[in-house]
**Q** 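The structure's right below; bear with me while I get my questions together.
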Number of protein chains: 2
Amino acid sequence: MSTPAPYLSIGAVERETGLSKDVLRKWEGRYGFPRPLRDEFGERIYPPDQVNRLRLIKRLMDTGMRPSSIVAREEADLLALAGNRHVSTPAAQDGSIETTALDLLRRHDPEGLRQALHRLLLRQGLAAFVQDSLTPLNHAVGEAWSRGEIEIYEEHLYTEAVQGVLRNALAGLNDRHGRPRVLLTTLPEEPHGLGILMVAALLALEGAYCLSLGPQTPLEEVANAARAQAVDVVVLSFSIIYPPRRIPPALAELRQRLEAGVEIWAGGAATARLSRAPAGTRLLPTMEDALAALAEWRRSHDART
Amino acid sequence: MSTPAPYLSIGAVERETGLSKDVLRKWEGRYGFPRPLRDEFGERIYPPDQVNRLRLIKRLMDTGMRPSSIVAREEADLLALAGNRHVSTPAAQDGSIETTALDLLRRHDPEGLRQALHRLLLRQGLAAFVQDSLTPLNHAVGEAWSRGEIEIYEEHLYTEAVQGVLRNALAGLNDRHGRPRVLLTTLPEEPHGLGILMVAALLALEGAYCLSLGPQTPLEEVANAARAQAVDVVVLSFSIIYPPRRIPPALAELRQRLEAGVEIWAGGAATARLSRAPAGTRLLPTMEDALAALAEWRRSHDART
DNA sequence: GGGTTGTATTGTCTAGGACAAATAGGTTGA
DNA sequence: TCAACCTATTTGTCCTAGACAATACAACCC
């Protein structure tokens with residue numbers, strides 16, 4: 001009956017935060033944080049507040065900060081940093097979808113959120129909904145989280161609501177004989193599948209045939225699928241949590257495994273931090289870029305001019 | 001232009017197979033496999049065939065085999081083992097949904113698969129569809145994979161198709177004022193969300209209000225969500241890939257974080273390998289158990305008898 | 001059968017060190 | 001002014017080898 005101390009082992013912290021055991025041990029020596037206690041066997045055990053701080057640090061690192069400048073900082077400092085980095089986003093005016101949606105989330109009304117999104121979709125049309133509402137909304141939710149204004153589970157509820165609405169819209173939209181044939185997925189380290197759904201919606205709306213593999217497909221399997229399904233384009237999505245340095249080699253390897261005629265497009269927040277695309281691939285940091293890429297594909301593949 | 005050798009580093013193998021670096025190094029010493037080459041810096045590099053064999057081994061371990069009995073075995077042996085373990089499944093007769101669906105997958109017709117599933121849903125009704133078609137179909141797909149008859153990406157296509165059909169059916173079904181209020185999700189190590197969708201469909205059909213958080217919610221957040229949404233039941237799903245030994249402690253901790261009135265149900269293939277449920281929780285190895293649990297909850301919560 | 005004990009197996013953790021790869025900052029040249 | 005190069009520092013990943021708790025299995029007794 002005694003409460004099992006909520007201290008976590010190093011392995012559990014790795015799972016919770018996404019920081020590898022090696023990194024956790026190194027930081028301890030280099031920056032003096034985390035500073036886990038030891039159990040009776042001399043093994044590290046991390047108190048919950050340190051785990052939370054680690055989560056916050058991870059989040060800040062995902063936005064481009066470096067360990068040396070944040071790992072040793074106090075929690076209050078970190079929260080201030082998190083709050084200061086939304087300056088670039090245009091401030092959301094009252095009554096906008098951002099504030100409405102965040103409100104519904106905080107008032108614990110997922111069903112209401114779903115309805116609000118659906119109404120908005122019908123009012124704006126799918127393309128505008130994805131580009132003008134969902135994109136800023138995603139940012140707003142992410143930032144609200146990093147400022148501690150909403151909980152992780154509320155982010156999950158949001159994702160589910162959006163996914164439900166989008167899948168519904170997409171259901172009747174996909175034309176099996178549409179062109180180009182587009183394969184969409186993410187690589188194994190990227191669990192976030194909202195991006196490919198949004199792109200799929202935009203492209204299908206323009207008459208492309210979108211084949212989604214869902215998230216987390218091994219690179220080799222992406223190539224197999226592309227071959228078997230004879231697709232014209234492969235779209236990969238990399239969210240902000242994906243380590244940017246792993247993107248170019250991954251794209252290069254995929255490029256090598258695919259025939260030259262098959263295009264490779266990489267989208268998502270992490271691609272915005274890349275200076276340039278690896279040879280034979282194309283970056284789509286924003287949704288507009290996806291439509292531009294589609295238009296360009298059409299121009300160069302139209303037999304008649 | 002030189003082809004970057006497709007050898008993988010130990011970290012890459014960890015990501016691809018789900019076997020930790022520690023385990024990979026230990027197996028090397030204990031069982032003589034894997035036997036990676038070394039690059040110019042003395043670091044392990046794994047050839048693709050060894051990675052494939054590791055994937056196969058992982059799959060067999062997920063079904064209950066132990067390392068000492070399989071890690072050192074030849075690939076042919078392993079494939080034979082994989083092929084022999086579907087004896088318990090009643091053989092699928094020709095023309096059944098199993099053979100039809102697998103056929104469509106192998107013929108690379110995801111759109112056809114989706115239609116077939118949708119037709120089946122309409123013909124059988126949602127409950128029978130989930131219990132009598134989807135459940136055996138999931139098994140069949142999993143086993144076909146482990147026998148090497150279908151590729152991973154085909155499994156992904158299957159999952160997407162099922163998810164599309166189920167979400168569609170679920171869209172209009174959920175009654176915000178239904179009872180009990182049920183929260184569904186998986187823990188962070190469990191990416192497989194099909195199970196919660198299937199359960200949600202069954203329960204919503206019976207008039208429950210199903211709140212899905214999607215997959216991979218941290219335990220603490222599950223508790224937060226349950227409190228904020230005032231749910232009556234929390235359902236967690238553990239697929240075959242989830243290490244069974246981690247289930248009881250996780251359930252126990254959740255039990256501790258939730259009020260006594262909130263029930264905890266654990267479903268999925270991994271729960272079938274548990275001898276008994278931790279105190280204050282309930283195991284649902286099959287879909288029927290979910291319905292039984294719902295009926296029981298209703299019986300004990302009905303004011304009048 | 002059902003529970004208890006002992007034994008073997010297996011995964012996780014420890015330590016400190018080496019070093020490649022990524023990044024920042026300064027310098028040079030167009 | 002901007003781009004391209006260089007160098008120094010930072011940072012993550014990998015190495016070895018061993019200790020040991022937790023788990024699973026087998027044998028035993030009731």
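Below, chain A is the first sequence line, B the second, and so on; all start at residue 1. These numbers were taken from a predicted model, which means no experiment stands behind them.
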**Q** Can you name the one residue among B/Leu283, B/Leu258, B/Val233 that meets side-chain contact (heavy atoms from CB on, under 4.5 Å) with B/Ile264?
**A**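 Output: one option passes, namely B/Leu258.
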
**Q** Look only at the side chain of B/Asn138 and the backbone of B/Thr135, and say whether a donor-acceptor pair between them is shorter than 3.5 Å.
**A** no

**Q** Using chain A heavy atoms and a threshold of under 4.0 Å, write down where along DNA chain C the contacts begin and end, 5' to 3'.
**A**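 Using the under 4.0 Å cut-off, the span is C/dC13 to C/dA24.
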
**Q** For the side chain of B/Thr186 and the backbone of B/Glu190, is there at least one donor-acceptor N/O pair under 3.5 Å apart?
**A**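 Pair found, side chain donor or acceptor close to backbone of B/Glu190.
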
**Q** For A/Glu151 and B/Asn224, indicate whether the former's side chain and the latter's backbone hold a donor-acceptor pair under 3.5 Å.
**A**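 Pair absent, no side-chain N/O of A/Glu151 close to backbone of B/Asn224.
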
**Q** Regarding A/Trp265 and A/Glu263, do their side chains bring together a donor and an acceptor under 3.5 Å, going by distance alone?
**A**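 Result is yes, a qualifying pair exists.
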
**Q** Using modelled atom types only, decide if a donor and an acceptor are shared between the side chain of B/Arg255 and the backbone of B/Gly280 within a distance under 3.5 Å.
**A** yes

**Q** Specify the residue among B/Pro244 and A/Pro67 whose closest nucleotide of DNA chain D lies further upstream toward the 5′ end.
**A** A/Pro67

**Q** Sub-3.5 Å donor-acceptor pair from the side chain of B/Thr185 to the main-chain atoms of B/Gly214, do we have one?
**A** yes

**Q** According to the Watson-Crick and G-U wobble definition with distances under 3.5 Å, which dot-bracket string, read 5' to 3', encodes DNA chain C, using [ ] for crossing pairs and | for pairs with another strand?
**A** |||||||.||||||||||||||||||||||

**Q** Tell me, for nucleotides 13-23 of chain D in 5' to 3' order, what letter each nucleotide earns: B for a base near a protein heavy atom under 4.0 Å, S for only sugar-phosphate near one, - for neither?
**A** BBSB-BB-S-S

**Q** If you take any heavy atom closer than 4.0 Å to DNA chain C, which residues from residues 46-58 of chain A end up in contact?
**A**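 Close to the strand, none.
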
**Q** Please report the closest heavy-atom contact between A/Arg44 and A/Glu28, naming both atoms and the distance.
**A** NE-OE1, 2.7 Å

**Q** Is a donor on one side and an acceptor on the other found under 3.5 Å between the side chain of A/Glu221 and the backbone of B/Tyr153?
**A** yes

**Q** List for me each residue that meets salt bridge (charged side-chain N to carboxylate O under 4.0 Å, His left out) alongside B/Arg15, sequence neighbours excluded, and say none if there are none.
**A**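 For B/Arg15, the residues satisfying salt bridge (charged side-chain N to carboxylate O under 4.0 Å, His left out) (neighbours in sequence not counted) are A/Glu189.
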
**Q** Using only atom types and a distance under 3.5 Å, with no angle test, would you say the side chain of B/Arg25 pairs donor to acceptor with the backbone of B/Ile10?
**A**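 Looks like no, no N/O pair under 3.5 Å.
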
**Q** With sequence neighbours left out, what residues match B/Phe238 under ring-ring contact (aromatic ring centres under 6.0 Å, His included)?
**A** B/Tyr242

